[in-house]
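Here's the structure we're looking at; comments come further down.
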Number of protein chains: 2
Amino acid sequence: MPRDGRIVRGRLEQAALDLFAEHGFDGTTTEQIAARAGVTERTYFRHFPDKREVLFASEEELREVTVAAIESIPAGVEPLEALHQAFHDVVPLLVRNRQLAALRAPIIMAAPALREREHAKTAALIDLVQEALVKRNIDERSALLCARVGMGVFSTAIRRWATGSATDLHDEVDGAFADLATMAASLDERRPA
Amino acid sequence: MPRDGRIVRGRLEQAALDLFAEHGFDGTTTEQIAARAGVTERTYFRHFPDKREVLFASEEELREVTVAAIESIPAGVEPLEALHQAFHDVVPLLVRNRQLAALRAPIIMAAPALREREHAKTAALIDLVQEALVKRNIDERSALLCARVGMGVFSTAIRRWATGSATDLHDEVDGAFADLATMAASLDERRPA
DNA sequence: GTCTATATCGCGATAGAC
DNA sequence: GTCTATCGCGATATAGAC
């Protein structure tokens, strides 16, 4: 069996994807995943801290690319607009991973435990986005608001793109930000009783 | 021991709060929680589906109050402004629970498993808010965006209120929505290259 | 209520890769 | 030979089945 960790890791990911798709998350044991990848259960846990994480290895790249995209936006751009522009730079990665995402989505949807992990990943990404904004000299409070709102808009665009018919993700991003602008513009100024 | 399920439930919640605070989430077993509440471990699992859920029983009320608040806003109000106004109606509940929230927060922060559960609860609430907006005849796509953005703003206000010095939560809500309006107003119209 | 499956992790031994 | 990935065994606690 291969001694190269990266190969074993990839085989574990593929094995988990197959088994989860076939028997569901709860219907699959870590032992089965390890066996299909040709290693022992103990080895599985040296690569992934728990049973869920094997499905989220690809998120790593998303985080790196997103942070890098924000950092590449010129300093003068207003924070929310900076996110808007940065998200366009993330689009190619998502387009490239669309096939894999389509395989993962139904698996994750079907298992509450996996949905929890996904939400945690999203929250972690929001934190990273906030940090990236703070580095742009946005104060921490505004950065948090901006990161949450911006990521909310982005996720909505992604969802529309992934579930809808063949649209362009760039267009969905612009559309979602335009929707936000419209919604926010109609906010009342007066404090309600 | 009391036969009344609600009493046992409350004692389990209190026991868990105490033990988690003292030994941390990972350092506490469900057996210990049950023992301190004067019941068997089996009884614990009849009240709560897993070890984490005992800390989130109070979220139930938040969901009900939030949905009711949205439903009570007049039909003509624009969706995001409707959320803004509805959130003010949720404030009293949060103020009343502030003490408990202050005890729970550090426990949840310290345990990744609990943070995951909290994010899942937030996501579930966003779904409920979206549903409530759909009932106001907002189309599903806009409702999702509005729910995500609105809840993002609201959580930010709550965070500012909970972590900052003695401010009024109403003011934080208004402030966060005002910040959103400012940010969104500066969004560029043109599509970036 | 009891019993059991299985996720998770510690430890020492082993065996490819360089 | 030195690493480091993997193995083999064992222990514990959650969670669900009977």
Side-chain angles (χ1 to χ4, degrees), chain A residues 1-57 60 107-108 110-121, chain B residues 1-5 7-9 11-13 15-57 107-108 110-121:
Chain A
M1 65 211 65
R3 288 280 140 179
D4 188 327
R6 283 160 303 185
I7 292 178
V8 169
R9 205 184 156 84
R11 283 163 55 142
L12 283 166
E13 289 173 30
Q14 186 61 52
L17 201 61
D18 294 345
L19 289 168
F20 290 164
E22 195 172 348
H23 306 106
F25 178 74
D26 290 327
T28 304
T29 70
T30 54
E31 193 179 9
Q32 290 170 336
I33 299 169
R36 182 183 259 248
V39 296
T40 66
E41 193 180 16
R42 192 68 189 79
T43 296
Y44 172 91
F45 282 104
R46 217 172 283 100
H47 284 278
F48 304 100
D50 59 48
K51 184 179 170 184
R52 303 171 206 168
E53 197 62 20
V54 66
L55 263 183
F56 295 91
E60 180 66 31
I107 296 173
I108 294 172
L114 291 174
R115 269 194 278 156
E116 277 198 24
R117 178 58 53 86
E118 179 152 85
H119 293 134
K121 294 289 183 187
Chain B
M1 65 208 77
R3 292 275 143 185
D4 189 326
I7 292 178
V8 169
R9 207 184 156 83
R11 284 161 56 134
L12 283 166
E13 290 174 29
L17 202 61
D18 294 345
L19 290 168
F20 290 165
E22 195 171 349
H23 306 102
F25 178 74
D26 289 327
T28 304
T29 69
T30 54
E31 194 178 9
Q32 291 169 336
I33 298 169
R36 181 184 258 248
V39 297
T40 67
E41 194 179 14
R42 184 68 183 75
T43 299
Y44 172 92
F45 281 104
R46 252 187 280 108
H47 284 279
F48 304 99
D50 58 49
K51 184 180 170 184
R52 304 174 206 168
E53 197 62 21
V54 66
L55 264 183
F56 295 92
I107 297 173
I108 294 172
L114 291 174
R115 269 195 277 157
E116 278 198 23
R117 177 58 52 87
E118 178 154 84
H119 293 135
K121 295 288 183 187

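In what follows, every chain begins at residue 1, and chains take the letters A, B, ... in the order their sequences are listed.
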*asked:* Does any part of the side chain of B:Val54, heavy atoms only, come nearer than 4.5 Å to the side chain of B:Phe20, both counted from C-beta?
replied: yes
_Quick check: on DNA chain C, is the nucleotide nearest A:Thr30 upstream (toward 5') of the one nearest A:Arg42, or the reverse? Name the residue that is more 5'._
A:Thr30
*Nearest-nucleotide wise, let me know which of A:Arg46 and A:Thr29 is further upstream toward the 5' end of DNA chain C.*
A:Thr29
Distance in angstrom units between [X] [atom1] and [N] [atom2], rounded:
X: A:Tyr44; N: C:dT6; atom1: OH; atom2: C1'; value: 13 Å
X: A:Lys51; N: C:dT6; atom1: NZ; atom2: P; value: 9 Å
X: B:Glu41; N: D:dG16; atom1: CD; atom2: P; value: 12 Å
X: B:Arg117; N: D:dT14; atom1: CZ; atom2: P; value: 14 Å
X: A:Gln32; N: C:dA5; atom1: CD; atom2: P; value: 14 Å
X: A:Phe25; N: C:dT6; atom1: CZ; atom2: P; value: 13 Å
X: A:Glu31; N: D:dG10; atom1: CD; atom2: P; value: 15 Å
X: A:Phe45; N: C:dT6; atom1: CZ; atom2: C1'; value: 9 Å

*In degrees rounded to 10°, what angle is found between the helical axes fit to the five outermost pairs at each end of the helix from C:dG1-D:dC18 to C:dC18-D:dG1?*
30°
*Would you mind classifying the nucleic acid contact of B:Thr43 as base, sugar-phosphate or nothing, using non-hydrogen atoms under 4.0 angstrom?*
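No contact.
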*For A:Thr28, which residues count as a side-chain hydrogen bond (donor to acceptor under 3.5 Å, both in side chains) partner, sequence neighbours excluded?*
none
*Who pairs with A:Thr29 by side-chain hydrogen bond (donor to acceptor under 3.5 Å, both in side chains), at least two apart in sequence or on another chain?*
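Listed in chain order: nothing, the list is empty.
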_Just to verify, what does B:Ala37 make a side-chain contact (heavy atoms from CB on, under 4.5 Å) with, not counting sequence neighbours?_
B:Arg11, B:Leu12, B:Ala15, B:Val39
*Please, which pairs that meet salt bridge (Lys or Arg N to Asp or Glu O under 4.0 Å) have at least one residue in residues 23-46 of chain B, sequence neighbours excluded?*
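Residue pairs with at least one partner in residues 23-46 of chain B: B:Asp18-B:Arg36.
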Compile the donor-acceptor pairs under 3.5 Å between side chains in residues 110-117 of chain B and protein atoms, sequence neighbours left out, one pair per line.
residue: B:Arg115; atom: NE; partner: B:Met109; partner atom: O; Å: 3.2
residue: B:Glu116; atom: OE1; partner: A:Arg52; partner atom: NH1; Å: 2.9
residue: B:Glu116; atom: OE2; partner: A:Arg117; partner atom: NE; Å: 2.5
residue: B:Glu116; atom: OE2; partner: A:Arg117; partner atom: NH2; Å: 3.0
residue: B:Arg117; atom: NE; partner: A:Glu116; partner atom: OE2; Å: 2.6
residue: B:Arg117; atom: NH1; partner: B:Asp50; partner atom: OD1; Å: 3.3
residue: B:Arg117; atom: NH1; partner: B:Asp50; partner atom: OD2; Å: 3.3
residue: B:Arg117; atom: NH1; partner: B:Glu53; partner atom: OE1; Å: 2.5
residue: B:Arg117; atom: NH2; partner: A:Glu116; partner atom: OE2; Å: 3.0
residue: B:Arg117; atom: NH2; partner: B:Asp50; partner atom: OD2; Å: 2.9

*Distance test, side-chain N/O of A:Thr40 to OP1/OP2 of D:dC7, below 4.0 Å*: yes
*Is any side-chain nitrogen or oxygen of A:His47 closer than 4.0 Å to OP1 or OP2 of D:dA5?*
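Indeed not, no polar side-chain atom of A:His47 lies that close.
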_With rounding to the nearest 0.5 angstrom, report the CD to CD1 distance, B:Glu118 to B:Ile108._
4.5 Å
